[in-house]
Amino acid sequence: SAPIFLFLFSIFFLKEKPIKKVFIGMFVALFGVLIIIFSPFFFGAFHPALGLLQGNIFFVLAMSGMVITPILTKKFIRQINIFTLTFIQFIFGAITFFPFMVYELHSWSFAELDGRGMTGIIFGVFLSSASAYFLFNWGIDKLQTQEVGLFYYIDPVAAFLVAIPLLHAPAPSEGSLHS
């Protein structure tokens, strides 16, 4: 649902002109999202389906909140350097996570970290997070925001491909795809 909300928000808030091929893709995606949201009514008893429907609605609300980031980034990137914007995003993230860190430090300390833990933190901060946020901001600067939404469809495919080796999940066999 995130690409659909991003498409609509980019038109209403950023005054981007709708791109016809993106609109057609979003319409097809909207149909798929509606099938997923209302699937509890199709594949289960009515009473348990209400709880699933409620969860799906909350998930859609969360997705609508998630698309605010590219909208705000597009607005600010016109006024702020990409490096500065990425730094500001990191500071904001650090401030919001600080209370959780303080709570966590009651049960362990950084002194317990070995070389692998420090390597993981350094990798997570610099190679994973900083580069990802910078490239995300750079992409938003180069594309229309509604086109950025199309890349959200890569998330489930990437998660599936990463889950196979990391979680030792079995790859789907030919027979399982048709059942």
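What's counted below: heavy atoms across the whole structure, side chains too, no hydrogens, waters or symmetry copies. Not measured: the values here are computed from a predicted model.
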Problem - Joint hydrophobic cluster, Ile71 plus Phe76, side-chain heavy atoms closer than 4.5 Å - result: no

Problem - Nearest-0.5 Å distance that lies between atom CZ in Phe83 and atom OG1 in Thr86 - result: 7.5 Å

Handout entry: Distance-minimising heavy-atom pair for Ile140 and Lys74
Key = O-NZ, 2.8 Å

Problem - ILVMFWY cluster, Ile82 and Leu135 together (side-chain gap under 4.5 Å) - result: yes

Practice task
Keeping the roles fixed (side chain from Thr84, backbone from Ile80), state whether a donor-acceptor pair exists under 3.5 Å.
Solution key: no

Practice task
Take Phe123 and Ser128 through the test side chain to side chain contact (heavy atoms under 4.5 Å, CB included) and record every step on the way to the result.
Solution key: CA-CA 6 Å; Phe123 175 82; Ser128 181; 4.1 Å; yes

Handout entry: Single-linkage hydrophobic cluster, 4.5 Å side-chain cutoff, Leu127 and Leu166 together
Key = no

Practice task
Could you grab the distance from atom CZ of Phe136 to atom CD of Gln89, nearest 0.5 Å is fine?
Solution key: 8.0 Å

Handout entry: Phe97, Tyr133, Phe134 screened by ring-ring contact (aromatic ring centres under 6.0 Å, His included) with Phe90, the one that passes
Key = Tyr133

Problem - Distance in Å, Ser10 OG paired with Ile19 CD1, rounded so as to fall on 0.5 Å steps - result: 8.0 Å

Exercise for the section: Return yes if some donor-acceptor pair links the side-chain N/O of Ser129 with the main-chain N/O of Gly124 below 3.5 Å, else return no. Expected result: yes

Handout entry: Inter-residue atom distance Phe7.CZ - Gln144.CD, 0.5 Å rounding
Key = 9.5 Å

Completion exercise
Taken to the nearest 0.5 Å, the spacing of Lys142 NZ from Glu147 CD works out to 14.0 Å

Handout entry: hydrophobic_cluster_shared for Val125 and Phe92, side chain cutoff 4.5 Å
Key = no

Problem - Under the side chain to side chain donor-acceptor pair (under 3.5 Å) test, residues paired with Arg116 that sit two or more places apart - result: Asp114

Practice task
Run through the side-chain heavy atoms of Ile, Leu, Val, Met, Phe, Trp and Tyr, join any pair under 4.5 Å, and report what else lands in Ile91's cluster.
Solution key: Phe87, Ile95

Exercise for the section: Following the transitive rule for hydrophobic clusters with a side-chain heavy-atom cut-off under 4.5 Å over Ile, Leu, Val, Met, Phe, Trp and Tyr, establish whether Leu113 and Leu105 coincide in one cluster. Expected result: yes

